[in-house]
Protein chains: 2
Amino acid sequence: MANERLDLVFSTLSDATRRAVVERLVGGPASVTELAAPHDMALPTFMRHLKVLETAGLVRSVKKGRVRTCHIEAAPLMEVQGWLAWQRQVWEQRLDRLDALALSLEKDME
Amino acid sequence: MANERLDLVFSTLSDATRRAVVERLVGGPASVTELAAPHDMALPTFMRHLKVLETAGLVRSVKKGRVRTCHIEAAPLMEVQGWLAWQRQVWEQRLDRLDALALSLEKDME
DNA sequence: TTAACACTTAGCATAATCACTAAGTATCTA
DNA sequence: TAGATACTTAGTGATTATGCTAAGTGTTAA
C-alpha cells in the first residue's frame, strides 16, 4: 500500500503555517499577499510553503496581472479523510468483536 | 492556532512505513518483530519509526520479558479527523452560500 | 550453561526541510 | 515614464529525518 499522494498530503499538512493557509482558503480564494499577511516570515519563505501546498495538490493558483490568486482543492483532503475513516472502521470492528467475545464469556458464566 | 500535536501526528503519518504500522495495529496488538517483518529495512531503522509513532502518541507499548507488544491509540487519529471535518464544514458552508447566491441571481433574471 | 532471540544503543552518512538575504521581473498607478 | 507593488529567483546556512552497520543487553529454550 505505497500511496505517495498520502505521503505528500500528510507531510504538507504537518506544518502549522500551511494548515493555516488551508484554513484560510476553505473560506474562499485569496492572493499571495493576503495569505502571507498573518505570517511573520520573509515572503520567499512563505512562497515556498505555498509551493509545497500546490505540489501536494491542495492549492491551485492563477496569476492575473501581478496578482496570484490561490484557491483550495478539496480532493486531497478527502483522500486523507478516507484513509482515516478506513482505520476507524477497522478499529471499531475489532472493538465490536471484542465486545461480542466478552458477552459470550459472560454467558458462559451463567 | 498553533497546534503542535497536529504537527506531530501529520508528520508521523507522512511516512508509508509508519502508516502501514497503524494499518496493522488497528486490527490488534503486535510485537516489534511481527510489525517489522513486512518491511525491508534494518531493525534499528524500523525501531526508529516505532519511536516516532510513540512520540506522536499514536502507539503505546509494553515490554514483557524480551518481547515488546505495541497497540494503537485512537485519540490522535480522532484529532486529525476533527481538523479535517472542520475544514470540510467551512468549505461546504461556502459552497452553500455560493449556491444560494447563484439561485438568487437566477431569480433576478426572471 | 550455552546459544538463540528480541530488541536496544551508539555512531555515521546522506538528503530533505525551513529559514534567511539580495537581487530581479513584470504590472499597475500617478 | 518613474516609482510602487506583487511576486519570483538564486544562493546560503542550520536543523532534522532516514537510512545503514556494529556491537551490546536482557530473556528464554535446549
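All chains are named by letter (A, B, ...) in the order of the sequence lines, taking the proteins before the strands, and each is independently numbered beginning at 1.
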Are there any protein N/O atoms within less than 3.5 Å of an N/O atom in nucleotides 17-23 of chain D, and if so, which ones and at what distance?
| residue | atom | partner | partner atom | Å |
| --- | --- | --- | --- | --- |
| D:dT18 | OP1 | B:Arg18 | NH2 | 3.3 |
| D:dT18 | OP2 | B:Arg18 | NH1 | 3.2 |
| D:dG19 | OP2 | B:His49 | NE2 | 2.2 |
| D:dC20 | OP2 | B:Ala42 | N | 3.0 |
| D:dC20 | OP2 | B:Thr45 | OG1 | 2.6 |

message = When you measure from the side-chain N and O atoms of A:Lys63 to the phosphate of C:dA26, is any distance below 4.0 Å, counting only OP1 and OP2?
response = no
ask   = Could you state the CD-P distance from A:Glu54 to D:dC7, rounded to the nearest angstrom?
value = 12 Å
Length of the CE-P vector between B:Met47 and D:dT25, whole Å = 17 Å
query = Would you say B:Arg68 has more than 12 foreign heavy atoms packed within less than 6.0 Å of its CZ?
reply = yes
task = Take the protein atom CG of A:Leu35 and the nucleotide atom C1' of D:dA6, then report the distance between them rounded to whole Å.
result = 13 Å
request  = Given side-chain hydrogen bond (donor to acceptor under 3.5 Å, both in side chains), test A:Arg18 with A:Thr12 step by step and report yes or no.
outcome  = CA-CA 7 Å; A:Arg18 293 192 292 257; A:Thr12 297; 5.0 Å; no
Any N/O pairs under 3.5 Å between the protein and nucleotides 27-30 of chain C? List them or say none.
| residue | atom | partner | partner atom | Å |
| --- | --- | --- | --- | --- |
| C:dT27 | O2 | A:Arg66 | NH1 | 3.2 |

ask   = What distance do B:Arg88 atom CZ and B:Glu92 atom CD have between them, rounded to the nearest 0.5 Å?
value = 5.0 Å
task = Mark yes when over 12 heavy atoms from residues, nucleotides or ligands other than B:Asp96 sit less than 6.0 Å from its CG; otherwise mark no.
result = yes
query = Which pairs with one or both residues in residues 3-30 of chain B pass ring pair (Phe, Tyr, Trp, His ring centres under 6.0 Å), sequence neighbours excluded?
reply = A:Phe10-B:Phe10, B:Phe10-B:Trp83
query = Between CG of B:Leu58 and CG of B:Leu50, what distance do you get to the nearest 0.5 Å?
reply = 11.5 Å
ask   = OP1 or OP2 of C:dC7 less than 4.0 angstrom from a side-chain nitrogen or oxygen of B:Thr33, does that happen here?
value = yes
key: Whole-Å distance separating the NZ atom of A:Lys51 from the C1' atom of D:dT8   = 10 Å
query = Should B:Glu54 and B:Arg60 count as an ion pair when the cut-off is N to O under 4.0 Å?
reply = no
inquiry  = If hydrophobic clusters are built from ILVMFWY residues whose side chains come within less than 4.5 Å, do B:Val21 and A:Val90 share one?
reply    = yes
inquiry  = Using whole Å, what does the distance between atom P of nucleotide C:dT17 and atom CG of A:Leu8 come to?
reply    = 9 Å
